[in-house]
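All remarks here apply to the structure that follows.
Just so we're clear, the structure is a prediction, and the values are computed from it rather than from any experiment. Positions are given from 1 along the sequence.
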Amino acid sequence: MVQTPISTNSHVAQSSVPAINPVKKVSRLEGIKERSQFLREPVATELAQDTTHFSEDGIQILKFHGSYQQDNRDNRVKGQEKDYRMMLRTRNPGGLVSPEMYLTLDELSDKYGYSNIRATTRQAFQLHGILKKNLKATMASIIRSMGSTLGACGDLNRNVMAVPAPFKDKPEYVYARDYANRIADLLTPQTPAYYEIWLDGEKAVTGEEHPDVVAARQSNGNGTTFQDSVEPIYGTHYMPRKFKCSVTVPGDNSVDAYTQDVTLVVIVDENKELLGFNVLAGGGMGRTHNKEETFARIADEIGYVDKEDVYDLVKAIVATQRDYGDRVQRRHARMKYLINDWGVEKFRAKVEEYFGKSLQPFKPLPEWKFYDYLGWYEQGDGNLFLGVHIENGRIYDNGAFKIKSALKEIELRYRLPIRLTSNQSLLLTEINPADKDEIDRILTSNGIEADNQINLLHRYAMACPALPTCGLAVTESERAMPTVLDRIQALLNKLGLKKEHFVIRMTGCPNGCARPYMAELGFVGSAPNSYQLWLGGSPNQTRLAQPYMQKMNIDDLESTLEPMFAFFKKGRQSGESFGDFCDRLGFDAIRNFAESYVPAKKASGRRKHRVGVSGEVYLQLKEAAATKGMSMAQIAEDAIATYLNNQSN
């Protein structure tokens, strides 16, 4: 095991814990965690200091509290201090957000942030732009509104995802949501430091945990927990790296089940009574450019567990990764590498040692499908829910498009619980049918399109925030994605594929937060204005894409993609998706076709006609051209073509 007690003069001592194996020098972060006094220091001390930012050690421990230190890279000036800002991420098991919590976030985004809220790809919210001096007030407001950020980041279990649809008449969906909450509670850090720091020790009002969860956390089993420890499951050093879980139902892949460290799939009998769970393990998206030892990986089928044993099984998997995961090389620290190095059989055998019994065989499952749940649905109890599309997750007001104002008005009037999706959108739930028309009116009057009006490329796309906030980004993602999608749509229109759509995802770096490695067409930032191109993922997100091109400049988008789309049109089978086509034909065939492809000519090559714009639009166009590295004429022509194409749809 890799647990070490903190020094005896620390705030809290931990006993009966084996020491770290001295053969290899562990990573620097292991020492930071050990010295943190269970996530107190140096955050508590530095928070009280009149500074604009935290130290490097403070940044690492701050993550466990749900915050990343960033800076606004658009505001960087040589010779001046960075414009340090904090990103704050909420913890919402199953994506559930109360109306009170949402309205608190709306207020905080205006008071302390950049006046926008971001829906993440893991069913949570993020606030950006918070100054260090305002961080404690922001945290306290969230906690007092029955929210939390604890464990939203850091080396522990992150937000537990669940199939978002709030069906009340489908018991398997109820079980999935319920057990997502229970697993989240089981793996929540137990340190009192969170409330000591952000609420000055005030006891927070939280929901009552299920008694089985409380018992499971304290039960030692076969070495899964540490007796008399502040953190009975995690110990002093927590996990080697982040750990991600989800719970879903057979056939519903609205959680990207194969990208998780652990996914539980609800299994019921013919009477819809819960029997147990299928278990998938070993998925993960993060990788590093030019480091072949890092890679994206999809989860393996591990086995089946009865419902009464599920907590012990989860603890056994966590303990296996906790004690045998790589604490020397952080690039190699995720559980996917442990399973890849050991193989599934050895991993399963070690899990069974901690579990104390053998896992049962994996149960057969139906074919997976992806559901985004946009539009109106019946909940099954007389009420309705409405899926609202949020492009790239950004809730903000921009001209006539005012989704932030619309959601605020709806929540103030109707107080609707929200369920976030893994696709950066949200579901308004518990809607009285009598309020349907008025809610539609509020959304329409604020420029929000109905689900049947959303361009399908935009509907199924995802992008991470990237520049200017994320320190890891090497190029644009969220800000570039809408234009990229419009350019792809124009290209499809040109080739007679106007109604074709597929899953497109983009990230500003290789860490994969928007899961581009599962997309049919994935863009992964590799340099300023350049991306790796990944092809061949499946529409239902069950197959890993593969790298097709190492570096594509965004200016070469059309010349790169047109041959692929032309080949797709020519050689696809009936009903075949673009990702399935690329996987079936292979990259050599695509490259061979592209080499001999002669691009179709535009209807009019030379721009002979002029169109005037107002001064304000001209300045915006000029700024966009400079940002995108494109000519103003090309941006204007693409925008006009997209508008005309949409009008004719």
#### Entry: Worked verdict on Asp261 versus Lys244 for salt bridge (charged side-chain N to carboxylate O under 4.0 Å, His left out)
CA-CA 5 Å; Asp261 288 273; Lys244 298 179 177 180; over 6 Å; no
### Query
salt bridge (charged side-chain N to carboxylate O under 4.0 Å, His left out) between Arg505 and Glu520: does it pass, once the steps are laid out?
CA-CA 8 Å; Arg505 294 175 177 176; Glu520 295 180 87; over 6 Å; no
### Query
So Arg413 and Glu409, salt bridge (charged side-chain N to carboxylate O under 4.0 Å, His left out) or not? Walk me through it.
CA-CA 6 Å; Arg413 291 178 62 174; Glu409 181 178 351; 3.4 Å; yes
#### Entry: Residues Val279, Ile317; criterion side-chain contact (heavy atoms from CB on, under 4.5 Å); working and verdict
CA-CA 10 Å; Val279 183; Ile317 295 174; 4.0 Å; yes
### Message
Is there a salt bridge (charged side-chain N to carboxylate O under 4.0 Å, His left out) between Asp71 and Arg76? Walk through the geometry before answering.
### Response
CA-CA 8 Å; Asp71 75 284; Arg76 285 184 180 177; 2.8 Å; yes
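Of all heavy-atom pairs spanning Lys132 and Gln49, the tightest one is NZ-O, 2.9 Å. Across Met86 and Thr52, no two heavy atoms sit closer than the pair CE-O, 4.3 Å. Nearest heavy atoms, Val214 versus Glu209: CG2-OE1, 3.5 Å. Taking both residues in full, the closest heavy atoms of Gly284 and Lys336 are given as O-NZ, 3.4 Å, listed atom of the first, atom of the second, then distance. Of all heavy-atom pairs spanning Leu384 and Glu378, the tightest one is CD2-CG, 3.9 Å. Of all heavy-atom pairs spanning Ala473 and Cys509, the tightest one is CA-CB, 4.2 Å.
Within 6.0 Å of the CD atom in Glu81, the count of heavy atoms belonging to other residues, nucleotides or ligands exceeds 12. No more than 12 heavy-atom neighbours from other residues, nucleotides or ligands sit within 6.0 angstrom of NZ on Lys402. Counting non-hydrogen atoms of other residues, nucleotides and ligands closer than 6.0 Å to CD of Gln190 gives a total above 12. Heavy atoms from other residues, nucleotides or ligands lying under 6.0 Å from CD of Glu107 number 12 at most. In this structure, Lys408 places its NZ atom where only 12 or fewer heavy-atom neighbours from other residues, nucleotides or ligands lie under 6.0 Å away.
Counting only distance, with no hydrogens or angles, the side chain of Arg241 and the backbone of Met335 share no donor-acceptor pair below 3.5 Å. Using modelled atom types, one side-chain atom of Tyr194 and one backbone atom of Thr149 make a donor-acceptor pair closer than 3.5 Å. Looking only at distances, a side-chain donor or acceptor of Arg459 sits under 3.5 Å from a matching main-chain atom of Asp451. The backbone N or O of Asn92 sits nowhere less than 3.5 Å from a side-chain atom of Thr90 that would complete a donor-acceptor pair. A donor-acceptor contact shorter than 3.5 Å is absent between the side chain of Thr507 and the backbone of Val524. Judged purely by atom type and a 3.5 angstrom limit, Gln260 has no side-chain atom pairing as donor or acceptor with the backbone of Ala281. A donor-acceptor pair is defined here as one N or O able to donate and one able to accept, closer than 3.5 Å; such a pair exists between the side chain of Arg177 and the backbone of Ala165. Looking only at distances, a side-chain donor or acceptor of Ser422 sits under 3.5 Å from a matching main-chain atom of Ser254. Using a distance-only test at 3.5 Å, with no hydrogens or angles considered, no donor-acceptor pair links the side chain of Tyr179 to the main chain of Val266. Using modelled atom types, one side-chain atom of Arg515 and one backbone atom of Thr121 make a donor-acceptor pair closer than 3.5 Å.
There is a side-chain donor-acceptor pair under 3.5 Å between Tyr373 and Asp252. Defined by atom type and a distance below 3.5 Å, a donor-acceptor pair is present between the side-chain atoms of His458 and Glu391. When only modelled atom types and interatomic distance are considered, Glu46 and Ser55 share a side-chain donor-acceptor pair under 3.5 Å. For the 3.5 Å distance criterion, the side chains of Thr45 and Glu41 qualify, holding a donor opposite an acceptor. Between Gln126 and Arg89, the side chains place a donor N or O and an acceptor N or O closer than 3.5 Å (distance only, hydrogens not considered). Counted by atom type alone, Glu202 and Tyr195 present zero donor-acceptor pairs between their side chains at under 3.5 Å. In this structure, a donor-acceptor pair under 3.5 Å is present between the side chains of Thr188 and Arg91.
Ring geometry for Trp534 versus Tyr517: interplanar angle over 60°, hence perpendicular rather than tilted (30 to 60°). Taking the six-membered ring where the residue is Trp, Tyr238 and Phe38 present perpendicular rings, their angle passing 60° and hence far from 30°. The aromatic rings of Tyr84 and His53 lie parallel to each other, with less than 30° between the two planes, well short of the 60° mark. Under the 30°/60° scheme for interplanar angles, the aromatic rings of His501 and Tyr460 are found to lie parallel.
A cation-pi arrangement, defined by a distance under 6.0 Å to the six-membered ring centre and an angle within 45 degrees of its axis, is present between Lys436 and Trp376.
The aromatic ring centres of Tyr396 and Tyr114 sit 6.0 Å or more apart.
Screening Arg415, Lys168, Arg419 for a salt bridge (Lys or Arg N to Asp or Glu O under 4.0 Å) with Glu430, the sole residue that qualifies is Lys168. Asp155 pairs in a salt bridge (Lys or Arg N to Asp or Glu O under 4.0 Å) with only one of the listed residues (Lys242, Arg322, Arg330), which is Arg330. Put simply, the residue from Thr259, Val255, Asn253 that forms a side-chain contact (heavy atoms from CB on, under 4.5 Å) with Gln541 is Asn253.
Atom CE in Met101 sits 7.0 Å away from atom CG in Leu108 (nearest 0.5 Å). To the nearest 0.5 Å, atom NZ of residue Lys404 and atom CG of residue Asn446 are 12.5 Å apart. To the nearest 0.5 Å, atom OG of residue Ser425 and atom CD of residue Gln123 are 11.5 Å apart. Summarising the geometry, atom CG belonging to Leu416 is positioned 5.5 Å from atom CD1 belonging to Ile439; distances are rounded to the nearest 0.5 Å. With rounding to the nearest 0.5 Å, the separation of OH in Tyr112 from CG in Leu135 is 10.5 Å. Note that the CZ atom of Phe385 and the CD1 atom of Ile431 stand 9.5 Å from one another [nearest 0.5 Å].
Tyr175 is linked by a side-chain hydrogen bond (donor to acceptor under 3.5 Å, both in side chains) to nothing, counting only residues two or more places apart in sequence or in another chain. Every residue was checked against the side chain to side chain contact (heavy atoms under 4.5 Å, CB included) condition with Thr444, not counting sequence neighbours, and none meets it.
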Run the side-chain donor-acceptor check on residues 57-64: report pairs under 3.5 Å with partners two or more places apart or on a different chain.
from: Asp57; atom 1: OD1; to: Arg28; atom 2: NH2; distance (Å): 2.4
from: Gln60; atom 1: OE1; to: Lys63; atom 2: NZ; distance (Å): 3.3

